[in-house]
Amino acid sequence: MTNYIDTYQPLIPYMLLVVLALTVALLDTVPAIRRASILGWLTAAAALVVLALDATAPYSAPWQGILRFDGYSRAFNAVFLVTLAVVCIASVSEEKRLGFCGEYYALLCLSTLGLMLMGASGGLLALYIGLELSTLCLFALIGFAKRERRSAEAALKMLILSAVTSAVLLYGISILYGVLGSTQFDQMAAKLTTISGETRIALWLGLAFVIGGFAFKIAATPFHLWAPDVYEGAPATVTAFLSTASKAGGFAGLLRFLLLGLGGSSETWGVLIIALAALSMVVGNLVALVQTSLKRLLAYSGIAQAGYVLVAVAGASGEGRGMSVGATLFYLFLYAFTNVGGFLLAQVIIHATGSDSISALRGLHRRSPMLAFAALVTLFSLGGIPPLAGFVGKLYLFAAGWQGGQQILVLIGALTSVIALYYYLMVARQVYINDPSDDRRMPVSRPIGVALAVCTLGTLVIGVYPRPWITLGDMAAQGILQTPASSVRRRPDAPSTASHAAPASTAQPAGAQPALPRIGEVCGTPQHGNAEPASADRSLFRL
Amino acid sequence: MLGVPTEYFLVLSGILFTIGVIGVLIKRNPIVIFMCIELMLNAVNLTFIALGRHFVHVNGQMYVIFVMAVAAAEVAIGLGIIVALFRSKETINIDEVNLMKY
């Protein structure tokens, strides 16, 4: 009985998030609550409660490993939920202007739930559902500013491109299913070693499609074209969520897929990731040089940052896997603070001056010294200047890439970082050196002020004292490494399914199948391949 | 089992998928583009069903249920966005949806 509770207890935070979303949407109907605009604060507080519950839940792999709750999912959930909390707080001040309330927070919660499912997926099915859940909610959020044309335009662009990419991703999944006979990660990895000859071509095609789908989600070149338009058109708070949590979700799913689904070797996918990383870093940084809009600048810088993270992902094979996962998580965690801060700043500037061009930042330090300081911290962290979080993170990423044998990529990364420094410093020059055209203070509403303070403090603290956050990354690495990449089969009722962080499956010789597998087993963990379509199997199919 | 070999289904779904992709690329009306995306998704569904039959799993068919649900949700949101766009622009031709460029 205790096993049963242990197995399903980690689901509680996920369910709570659904309950939260529905509650918030319902509370919206009470006029008093709507007027008081407390729903954002409430959602943020509830997100932190969910985070605490998630951090104390045991590890398990319910439903024959369709979902896997381990250190990895827990560490990524921290990234998603912290971002959710900060974005919810910042959104409070937008409520009046955009005319929304509960439904906005409900959509944000559901989108976060999708991202959490991606991080906890044990197979491509859960991964796909999580991806779609988060993306579908984001479409609605992007188009939330109903009175602004750009918002609807951005939503339509995102919708069409994303729908096409997810169809391609799904086609890739179906090819992988055809080649490997399963879409559960452990069984895919087991079957992968037996693939040879012509089947490899199909395998590569499927892989390319699936990785393309993830590259869209993380906005890596050449799948980045949606990002600048959508980031510019969407409300800034949504953009902040989209550029951090959604990107982190893409990486969470990608790493699961690459490291668990395709085993420990990068032989099959290495080239694709290397190409994505190199292109993202070069294109992102070069195009960012000519941008005049702050939001678009941050969009292209985000593409380049995705490239830096991909350097570590490219190095994630063999022994270096742990370090790569740790570096990726650490970077995404600090990036959440830094980049949310960046977009909130853009929001404040747009609100105060009506323009999101970089020149609107002129002489910000005379107008609002605190804002200027936040801008400085954000820009320097994105540029990777030492005392700040971005420096430690980038160092860790490049170290992981170097250790994984991607020296050339690390060199490209270092060179493009120098280019990046140029455009970040150009913005910093506007803030600190140039004279303002207008001496009035920029109005900052309290919610955005609080959120900005959290982001700036987070960036500073992670940079000065990175140890605990690196430990968080290590926890994620443990989660991935302790899952056996090539377990053979799992008994559905084996107690080990619920065991604590232990390998969640028992290796069992293929001959010793139970005579009549249960329905759950057929759904979750099918027999692999068509090598031996056992009679028990077929009879079940007819059920 | 029926006599039609699995390869036939896979080739058919490949053709359907390609038609969908071409449609997405050349059509200018977002509603038609949505229909093409549906075609792509249904091609994928066909692949899953054919492979599920080939492997004698229910796995492939499970995917189809999920894909259909997701596609329906996607279209619901998509039509909402198209209506919102039409209200502000009086057109939904995607060549004219170009406030933001490069």
Side-chain angles (χ1 to χ4, degrees), chain A residues 124-125 128-129 132-133 135-137 139-140 142-143 146-160 162-164 166-168 170-175 177-178 181-184 228-230 232-233 287 296 519 522-530 533-534 537-538 540-541 543, chain B residues 1 6 10 13-14 17 20-21 24-25 30 33-34 36-63 66-67 69-71 73-78 80-89 92 94 97-102:
Chain A
L124 285 171
L125 182 61
Y128 172 71
I129 308 272
E132 286 298 329
L133 178 58
T135 321
L136 288 179
C137 295
F139 294 153
I142 291 166
K146 284 179 281 254
R147 278 168 232 143
E148 286 169 36
R149 271 191 202 174
R150 282 166 185 249
S151 187
E153 180 179 327
L156 184 71
K157 281 182 177 167
M158 171 80 174
L159 179 76
I160 289 178
S162 172
V164 172
S166 80
V168 171
L170 208 54
Y171 199 55
I173 293 178
S174 75
I175 294 175
Y177 175 54
S182 170
T183 53
Q184 284 298 106
D229 285 359
V230 171
E232 189 188 347
V287 182
R296 289 182 91 83
I519 192 83
V522 175
C523 296
T525 63
Q527 327 290 320
H528 19 129
N530 48 347
D537 223 355
R538 189 165 295 187
L540 223 140
F541 179 61
L543 280 176
Chain B
M1 281 287 162
T6 309
L10 297 185
S13 84
F17 192 82
V21 173
V24 167
L25 293 178
I33 291 179
F34 263 104
C36 296
I37 291 171
E38 285 298 302
L39 196 59
M40 290 164 76
L41 289 176
N42 283 327
V44 174
N45 284 348
L46 185 62
T47 317
F48 273 121
I49 294 182
L51 290 172
R53 191 189 75 147
H54 183 76
F55 292 143
V56 205
H57 289 165
V58 289
N59 254 26
Q61 287 161 25
M62 255 178 45
Y63 261 97
F66 283 112
V67 171
V70 167
E74 210 159 49
V75 168
I77 295 179
I81 289 172
I82 291 172
V83 169
L85 190 73
F86 184 77
R87 279 199 188 141
S88 67
K89 281 188 84 90
I92 52 169
I94 54 168
V97 182
N98 55 6
L99 272 177
M100 292 174 291
K101 266 191 204 160
Y102 190 57

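Just so we're clear, the structure is a prediction, and the values are computed from it rather than from any experiment. Below, read A as the first sequence line, B as the second, and so on, with proteins coming before strands; counting in each chain starts at 1.
Here B:V70 is the residue among B:V70, B:N45, B:T47, B:V21 with the most heavy-atom pairs under 4.5 Å with chain A. No other option in A:L133, A:T135, A:I175, A:I160 has as many heavy-atom pairs under 4.5 Å with chain B as A:I160.
Scanning all heavy atoms of the two residues, the minimum distance from B:M40 to A:V168 falls at CE-CG2, 4.1 Å. The two residues B:A73 and A:L136 come nearest to each other via the heavy atoms CB-CD1, 3.6 Å. In terms of heavy-atom proximity, B:V24 sits nearest to A:V164 at CG1-CG2, 3.6 Å. Between B:I81 and A:A155, the closest heavy-atom pair is CD1-CB, 3.7 Å. The two residues A:A167 and B:V44 make their nearest non-hydrogen contact at O-CG2, 3.9 Å.
At a 4.5 Å heavy-atom cutoff, the contact between A:S166 and chain B is made by side-chain atoms alone. Proximity to chain A (any heavy atom under 4.5 Å) is shown, for B:L85, by both the backbone and the side chain. Within the 4.5 angstrom heavy-atom criterion, only side-chain atoms of A:I129, from C-beta onward, approach chain B. For A:L156, the parts lying near chain B are the backbone and the side chain together; criterion is any non-hydrogen pair under 4.5 Å. Contact annotation for A:I173: both backbone and side-chain heavy atoms come within less than 4.5 Å of a heavy atom of chain B. Contact of A:L124 with chain B is made through backbone and side chain together, with heavy-atom distances under 4.5 Å.
B:I37 contributes atom CD1, which lies 7.0 Å from atom CG of A:L159 (distance to the nearest 0.5 angstrom). For the atom pair B:F17 CZ and A:L170 CG, the distance stands at 8.5 Å (nearest 0.5 Å). To the nearest 0.5 angstrom, A:S174 atom OG is 11.5 Å from B:I49 atom CD1.
With sequence neighbours excluded, no residue forms a side chain to side chain donor-acceptor pair (under 3.5 Å) with A:S162. With sequence neighbours left out, the ring pair (Phe, Tyr, Trp, His ring centres under 6.0 Å) criterion links B:F48 to A:Y177, B:Y63.
Between A:Y171 and B:S13, the closest side-chain pair of non-hydrogen atoms falls below 4.5 Å.
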